[in-house]
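Lettering follows sequence order; numbering is per chain, from 1.
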There are 2 protein chains.
Amino acid sequence: MAKTAQSSGSRMRGIDRVVEILEVLREIGVPTQVGQLAARLNAPRSSIYEVIGSLAAAGILEVNPNTGEVFFGLASYFHGAAYARQNPIIGLGAEEVNRLGRATGETAELCTLIKSRYAIVHSMPGNSLLRMETKPGFTLPVPWTASGRLLVAHMSREEVEALIAPEDFNLPNGVTLSPDAFHDEVRAADAQGLCVTSGILDNFTKCIAVPIRSTFGQNVATLCFVVPVAIEPAREEALVAALRESQRRLSQYPASILAPGA
Amino acid sequence: MAKTAQSSGSRMRGIDRVVEILEVLREIGVPTQVGQLAARLNAPRSSIYEVIGSLAAAGILEVNPNTGEVFFGLASYFHGAAYARQNPIIGLGAEEVNRLGRATGETAELCTLIKSRYAIVHSMPGNSLLRMETKPGFTLPVPWTASGRLLVAHMSREEVEALIAPEDFNLPNGVTLSPDAFHDEVRAADAQGLCVTSGILDNFTKCIAVPIRSTFGQNVATLCFVVPVAIEPAREEALVAALRESQRRLSQYPASILAPGA
DNA sequence: ATAAAGTGTCCGGTATTTCGGACACTTGTT
DNA sequence: AACAAGTGTCCGAAATACCGGACACTTTAT
């Protein structure tokens with residue numbers, strides 16, 4: 001995804017190598033050999049060995065001594081746990097997602113923004129045959145999702161356009177969305193406190209999302225269902241009602257819990 | 001804690017700064033200002049600003065724009081989630097800890113080794129007034145805990161002595177443990193599949209631990225209770241039985257789940 | 001007001017680090 | 001057996017990233 005960096009030519013900072021390695025491991029999602037990482041990053045193997053050695057010594061990465069594969073280490077887990085402790089909405093929202101998933105059998109997700117992309121924070125896969133990629137950490141351009149529209153709904157049009165890269169308006173279904181049209185959809189989503197998109201990611205899925213608002217009016221996260229486009233209207237209404245109930249439960253928490261840093 | 005590093009004098013690598021910053025944030029456990037981090041690391045403020053800028057741009061750290069405080073970011077959470085996904089024992093063990101805590105009202109913990117220290121991976125605080133530091137990510141020298149004895153029980157005496165720093169045998173209660181005595185305790189713990197220590201961390205606590213063994217015979221983690229030293233024998237037996245039941249449930253998983261990288 | 005302490009930013013020089021390439025091994029295929 | 005592809009380690013040279021120090025502001029205390 002995203003920038004291939006200015007990798008060629010001159011030497012690159014160790015810190016940037018660290019960031020690159022962690023990012024690519026998150027994308028790949030499974031233990032990976034050093035050589036493959038180097039190839040994927042177009043980085044010299046010697047540098048990557050060096051960096052990984054340091055990170056492994058710190059427990060941030062772990063190297064499987066048998067296979068030579070590299071992946072996140074226990075220290076990374078602790079860092080994530082510390083983040084979750086400071087941001088209770090993660091745990092509370094994950095609980096609601098699990099509840100929604102169990103109650104309805106549909107795929108439910110907790111989403112938010114990371115940098116300028118939509119990201120899945122937690123998901124509960126449903127019973128249906130329809131399966132989206134729902135790993136936590138998976139990211140997509142904002143305009144590709146219903147949740148994305150809600151997550152930028154509290155921003156001004158200028159802020160939104162500064163945030164989103166022009167090419168992100170080219171949807172995977174082939175449509176190119178104009179900034180005007182996107183802006184209108186965002187405004188509508190904000191007004192209704194609900195966003196439903198059909199057939200953007202592919203021809204078979206519909207996303208139904210509601211925002212979690214802090215008392216400052218910021219949309220700090222969304223809850224959403226991913227369902228087949230052909231879902232019956234009555235069923236869809238029931239799912240929206242379920243989302244609203246979870247939304248209500250989360251929205252009762254003070255802003256200090258929903259958005260500790262704002 | 002641990003090494004103050006060779007911080008003074010010469011220039012330090014950016015990568016090492018990254019590691020230091022993440023480590024100190026884990027130790028402190030709360031959002032912290034850049035100046036305080038620099039002071040704690042005795043590092044030049046300009047360098048720390050620089051490094052934090054890069055890590056924040058990557059989402060690994062987040063800077064609170066109002067207070068200037070720095071802490072882990074959402075990307076760190078995703079890295080931790082990826083680790084947990086590859087190491088299911090984390091989730092399974094945490095579930096057992098919660099069950100143990102709810103069933104008994106005592107403080108229960110899931111522990112393992114990180115580098116050469118004992119680390120709390122997950123904990124459920126009990127009802128009693130007695131409260132130990134139980135944040136995930138908190139670490140102690142191996143000889144200070146019952147779990148520590150079990151976690152090194154599958155190693156040879158030489159491996160153990162290479163792992164543990166000599167000063168770690170100075171217990172917080174003032175006793176200095178000889179390597180011989182420690183070795184005997186480890187052997188006894190291994191033979192019984194149980195370890196109980198009293199009054200090591202302070203005069204009022206007792207730790208009761210059982211190992212989670214992979215089918216390779218490696219002790220990959222422990223489950224333990226932290227209770228008052230004066231606990232009644234019958235109660236202690238009941239707690240041991242509860243630990244054994246959880247241990248049995250976890251031990252039924254194949255080695256590939258308990259220790260994916262081994 | 002004045003002072004003191006802390007924050008965030010910028011800059012040039014040099015001590016350090018990244019890179020490219022080579023080497024010895026291992027593994028698996030022809 | 002010979003070969004190809006990949007892993008892990010080491011090295012010197014050149015490019016540059018880190019440090020020290022300075023500056024302009026803001027906040028709090030005297």
Do A:Asn87 and B:Tyr77 have side chains that get closer than 4.5 Å, going by heavy atoms? no
Shortest side-chain distance from B:Arg45, nucleotide among D:dT7, D:dG20, C:dT9: C:dT9
Do B:Tyr83 and A:Phe71 make the cut of ring centroids closer than 6.0 angstrom? no
At what distance, to the nearest 0.5 angstrom, does CG of A:Asp190 lie from CE of A:Met155? 11.5 Å
Nearest listed nucleotide, side chain of B:Glu50, among C:dC19, D:dC18, C:dG8: D:dC18
How close or far is atom C1' of D:dC18 from atom CD of B:Glu20, stated in whole angstroms? 13 Å
Output yes when at least one side-chain N/O atom of B:Gln33 is less than 4.0 Å from OP1 or OP2 of C:dT7, else no. yes
Value in whole Å for how far the C1' atom of D:dC19 lies from CD1 of A:Ile15: 13 Å
Verdict with supporting geometry, A:Leu151 and A:Val142, side-chain contact (heavy atoms from CB on, under 4.5 Å): CA-CA 8 Å; A:Leu151 288 167; A:Val142 167; over 6 Å; no
Taking the nucleotide of DNA chain D with the closest heavy atom to each, which residue, A:Val63 or B:Ile48, is nearer the 5' end? A:Val63
What is the separation between atom CG on B:Asn42 and atom C1' on D:dC19, rounded to the nearest whole Å? 14 Å
A:Arg17 CZ to D:dA17 P: how many Å, rounded? 11 Å
A:Glu109 and A:Lys135 ion-paired at < 4.0 Å: no
Rounded distance (Å) that lies between atom P of D:dC18 and atom CD1 of B:Ile52: 13 Å
Separation of D:dT26 C1' from B:Asn66 CG (nearest whole Å): 15 Å
Nearest-angstrom distance from the residue atom CG of B:Leu37 to P of C:dT7: 10 Å
Under 4.0 Å between a side-chain nitrogen and a carboxylate oxygen: does that hold for B:Glu20 and B:Arg13? no
Roughly, in whole Å, what's the span from CD in B:Gln36 to C1' in C:dA5? 13 Å
Nucleotide by nucleotide, nucleotides 10-16 of chain C touches protein heavy atoms under 4.0 Å in the pattern (B base, S sugar-phosphate only, - none) B----BS
Is a salt bridge present between A:Arg157 and A:Asp180, judged by a nitrogen-to-oxygen distance below 4.0 Å? yes
